[in-house]
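Worksheet for the structure shown next.
Since we're looking at a predicted model, the values are computed, not measured.
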Amino acid sequence: MATKLIALACLRNEGSARPHYPSMPRYPKGVAAVEQGDATTAKALFSVTGMTCSACAASVEKAVKRLPGIREAVVDVLNNRAQVHFYPSFVNEETIREAIEDAGFEATLIRDDTNETSVQVCRIRIQGMTCTSCSSTVESALQSIQGVVKAQVALATEEAEVHYTPSILSYNQILEAVEDTGFEATLISTGEDVSKIHLQVEGVRTGRSMRIIENSLQALPGVQGVEIHPELNKVSLSYKPNMTGPRNFINVIQETGSRRFKAKIFPEEGGRRNSHRREEIKQYYRSFMWSLVFTVPVFLTSMVLMYIPGSKHGLDTKVVNMLTIGELVRWVLATPVQFIIGKRFYSGAYKALRLGSPNMDVLIALGTNAAYFYSVYSVLRAATSHDFKGTDFFETSAMLISFILLGKYLEVLAKGKTSDAIAKLMNLTPDTAVLLSLDSEGNVVGEEEIDSRLIQKNDVIKILPGAKVASDGFVIWGQSHVNESMITGEARPVAKRKGDTVIGGTVNENGVLHVKATWVGSESALSQIVRLVESAQMAKAPVQKFADRISKYFVPLVILVSFSTWLAWFLAGRFHAYPKSWIPSSMDSFQLALQFGISVMVIACPCALGLATPTAVMVGTGVGASQGVLIKGGQALENAHKVSCVVFDKTGTLTMGKPVVVNTKLLTNMVLREFYELVAAAEVNSEHPLAKAIVEYAKKLRDEETPTWAEAQNFVSIAGHGVKATVRNKEIIVGNKALLAEHNVAVPVDAEDILAEAEGMAQTGILVSVNREVVGVLAVSDPLKPGAQEVISILKSMKIRSIMVTGDNWGTANSIAREVGIETVIAEAKPEQKAEQVKDFQASGYTVAMVGDGINDSPALVAADVGMAIGAGTDIAIEAADIVLMKSNLEDVITAIDLSRKTFSRIRLNYMWALGYNLLGIPIAAGALFPSTRFRLPPWVAGAAMAASSVSVVCCSLLLKYYRRPKKLDNLEIRGISIE
């Protein structure tokens, strides 16, 4: 049950022996969750009428899955829909529709432009983006391509996520489109990468050998595609993991060459993400150090040595006419900085201007060019004149570029730390694993240590005490305790024995375990958490639109202000609007005006604005994941900080979700065992927790592990009320008073009294009718979760209203509400009524968070501003939610809201700093303080301030890494709830 705490693998229901992770959308809410398996996968959506319960849904799912070529089938009984992912080469939509109708239901294919062809997702790394203007340009270019469904570009991660139709567009065309905008694009992954591996082949000397290897691999069953890269000796394979795996590929390659060829996982496979960041940091570091080599002498000759008598005389020595040695030395040293080290700014500015979208590079290029070329003019005029005595600004251009490079170096260094959460998750998987060989009777006959990336589905892995679990799977032998805190945030080790599921990346505490691998590689729980966090960090928070709007006009406005500043000071000097004493002795009025203009140009910083939101969201979602709170993107984070009302479901949310029968009262002369035979036969087809509690109790009376119940005919499940069926030719109705009233069954006074008594003790009373006569009353109790009362109290202190909406009866609901301190209760609500109640609260002005765990909560989770799913809940609830609480603790509701508030206060602080810096810095750089204080900001100081502003915003976001949940929660000492 512990694994249900993480909501991860796709909706699968392929056998009871296999561990089952709850479903997790790979993309933030609002983006279609599309299978990423094979380029030939298609998706079809059917409207299915006639389904009344989960048993019907299971029938439809089984009927569809029996067909060849079905990749996945998901049936939604609430909305009467079935979504099927299939391989068109094996099966078509008409065959699937007929299979559903053969199962006894009416099916209609829903035609939708987005469903007619499969949609794939590719992730691209984009190098060269410096500000929001750059990311907006790339995003606009991608969205304008025919075949692109959705494109998101994240400045902080320097990545793009593109949803596209492969029948119209290829990922190579997408890469070309990015490069046409002037940035370097590298493919990180495509939809095909879910089951893809890259191998390095050694010992191959000819192209013919590579072709033989390619043909041998393509002949393997389950291999879907082989790509050969001869220059790298690299082979890329996409495959079906349930049919084959990487060890098979390595064996085939080695056997093909009579053991002359050797193959291993391509070295780049493990560190692609960090290698790019490391390389970028190295590049900026090298550029900065080289710029220092030239800039320090320029600085010394212009700022220091000029004030030392001996060196001053040497530097002032004339070379040609009025040209001095000092000017010549500065020109020679500043030129490489300007054109070689500063080449990146020219390149970026050219590309931006070509697209009509000026960015920070344009400001830097204009500012440094103005200083450099005026200095060149000054030097050339001095060389050709006998009386011209000018001043150069070579130190301005060189120092500007050096400080900006230092700022970019510190910025990429800090930005790398914002994705530490993902890096830590990715490093959880061990490097090696112990693979066991079993004989036909299941006895261990051998073991070997292998690379953990070579684990295949159904392998048996040995996990030693203290070792990390190498793969998701289930225990087939042994007992131990496993520390799952790195995945779920739950500190207490979880007991594991035969049949229990384990999660890859967790740590085995004491005993030895033999684990059968089920989900490996990119299908694993850990990989899907990483993908979720990555997608969440890609999704823009609505507040980011503010920075996007400003960035469109920011650079052109700064250029205009800069030119106006220069012109105003120049004209003021020309027409003697200020005293000559204001002009420093080393320059004239034109040069003073030029310095003011350049300072305005380089102090303005659009980068800080662009980084204010995404860096905080990246750190916030990463911190949430480390604390067991999975937040699906910036939208969820932004909405959560505004929550003013939390709506709780009762069963499984406020309560443990493991109800037990505590009392049975029979109203007729009937044997208890016979009574439960009829009730269990009717309830065994229901998924409701109360139904399961009744069946479990009936099992104890039968004293059998897996009893066979009488067949239930005409079974109908009425959501929120109960069930009705025909068992042994008797009409059985099990449910609440409303259900019996609908069927005109009179409830005797005795039964009413028993119900009232049960409800007064916070128990759920269930009526049983046989042939329209009430024959018994069951009392079912579901204990409260530890700390539920305290959580409601803390929410109240945070000025958040708590409401309970449940399908249970009024008596039980009121008793539970009184116990936890909730004042507003809505009981006997059907799933659609829960959603309506949420909408009513929203209409009253509340920002509503819905916390639930069951199928019947999913409409309300979708309707709420923020849907929070309990991690041990059902797949559909987790699918519908914006935030998943992996530990199933109510305290994490407070953690999620508090973390979002802290994140958004950090975003506000970032914006205040970024805007305040520009609003304050630009006037000072323009000389606003100069008339009264003679204080002016030299261009190189302005450039240093601009570089520092970006770094300070990123560092401000990084402080979120030290987030601690509210101290009130620590005082509660609530522990994770493990239900055996």
Side-chain angles (χ1 to χ4, degrees), residues 27 31-32 34 36 38-41 113-114 117-194 196 198 225-232 234-236 238 266 268 272-273 275-277 279-280 283 343-362 534-535 538 540 548 551 610:
Y27 307 104
V31 180
V34 179
Q36 298 186 5
D38 186 273
T40 59
T41 304
D113 291 340
T114 59
T117 52
S118 63
V119 176
Q120 276 194 10
V121 180
C122 70
R123 295 176 70 86
I124 300 167
R125 182 172 293 112
I126 302 172
Q127 289 176 267
M129 295 192 297
T130 55
C131 61
T132 319
S133 179
C134 302
S135 58
S136 298
T137 301
V138 177
E139 197 168 281
S140 301
L142 288 171
Q143 286 173 341
S144 65
I145 304 170
Q146 186 181 1
V148 170
V149 178
K150 180 171 179 144
Q152 291 176 310
V153 179
L155 174 64
T157 56
E158 295 181 339
E159 290 182 8
E161 187 175 85
V162 185
H163 299 243
Y164 67 100
T165 309
S167 58
I168 301 173
L169 192 67
S170 72
Y171 63 77
N172 285 321
Q173 290 170 290
I174 296 170
L175 293 175
E176 286 170 16
V178 173
E179 289 179 346
D180 286 343
T181 62
F183 300 98
E184 190 179 330
T186 311
L187 185 70
I188 300 173
S189 66
T190 68
E192 300 165 6
D193 287 349
V194 167
K196 193 166 189 175
H198 307 282
V226 181
E227 290 178 42
I228 301 293
H229 308 274
E231 68 283 359
L232 299 171
K234 177 180 173 183
V235 179
S236 301
S238 51
F266 200 77
E268 184 189 61
R272 279 188 302 175
R273 170 178 302 278
S275 62
H276 156 70
R277 185 71 70 187
E279 185 56 38
E280 190 180 22
Q283 280 180 4
K343 180 186 173 185
R344 68 176 69 233
F345 303 118
Y346 282 100
S347 174
Y350 167 72
K351 292 167 183 174
L353 290 172
R354 186 165 61 87
L355 293 162
S357 178
N359 61 7
M360 191 195 76
D361 290 334
V362 173
E534 283 177 339
S535 295
M538 286 293 301
K540 287 183 181 178
D548 292 345
S551 70

Given the options Gln146, Gln120, Lys150, Tyr164 meets side chain to side chain contact (heavy atoms under 4.5 Å, CB included) only with Gln120

Hits for side chain to side chain contact (heavy atoms under 4.5 Å, CB included) against Ser140, two or more places apart or cross-chain, chain-then-number order -> none

Output for pair (Thr181 OG1, Leu142 CG), nearest 0.5 Å, gives 7.5 Å

Distance col, row Glu184:CD vs Gln127:CD, nearest 0.5 angstrom, shows 4.5 Å

Looking only at heavy atoms, the pair that brings Phe183 and Gly128 closest together is CE2-O, 3.4 Å

Salt bridge (Lys or Arg N to Asp or Glu O under 4.0 Å) pairs touching residues 132-145, sequence neighbours excluded, are Glu139-Lys540

Nearest heavy-atom approach of Ala141 to Ile145 is O-CG1, 3.3 Å

Value for CD (Glu158) from CD (Glu280), rounded to nearest 0.5 Å, stands at 4.5 Å

Residue pairs passing the salt bridge (Lys or Arg N to Asp or Glu O under 4.0 Å) test with at least one member in residues 350-360, sequence neighbours excluded, are none

Residues passing the side-chain hydrogen bond (donor to acceptor under 3.5 Å, both in side chains) test with Glu176, sequence neighbours excluded, are none

Correct closest heavy-atom pair for Ile168 and Gly147 would be CG2-CA, 3.9 Å

Shortest non-hydrogen pair, Thr186 vs Leu175, comes out as C-CD2, 4.2 Å

Residues at least two apart in sequence or cross-chain that pass side chain to side chain contact (heavy atoms under 4.5 Å, CB included) with Gln173, listed by chain then number, are Leu169, Ser170

Hits for ring-ring contact (aromatic ring centres under 6.0 Å, His included) against Tyr346, two or more places apart or cross-chain, chain-then-number order -> Phe339

To the nearest 0.5 Å, atom NZ of Lys234 lies from atom CD1 of Ile228 at 11.5 Å

Separation between CD (Glu159) and CD (Gln152), nearest 0.5 Å, reads 12.0 Å

Residues passing the side-chain hydrogen bond (donor to acceptor under 3.5 Å, both in side chains) test with Thr137, sequence neighbours excluded, are Ser357

Residues at least two apart in sequence or cross-chain that pass side chain to side chain contact (heavy atoms under 4.5 Å, CB included) with Ala349, listed by chain then number, are Asp361, Val362, Ala365

Value for CD (Glu179) from CD1 (Ile126), rounded to nearest 0.5 Å, stands at 10.0 Å

_For a side chain to side chain contact (heavy atoms under 4.5 Å, CB included) check, start with the C-alpha distance between Leu155 and Cys134, then their side-chain angles and the critical distance, and finish with the verdict._
CA-CA 8 Å; Leu155 174 64; Cys134 302; 5.6 Å; no

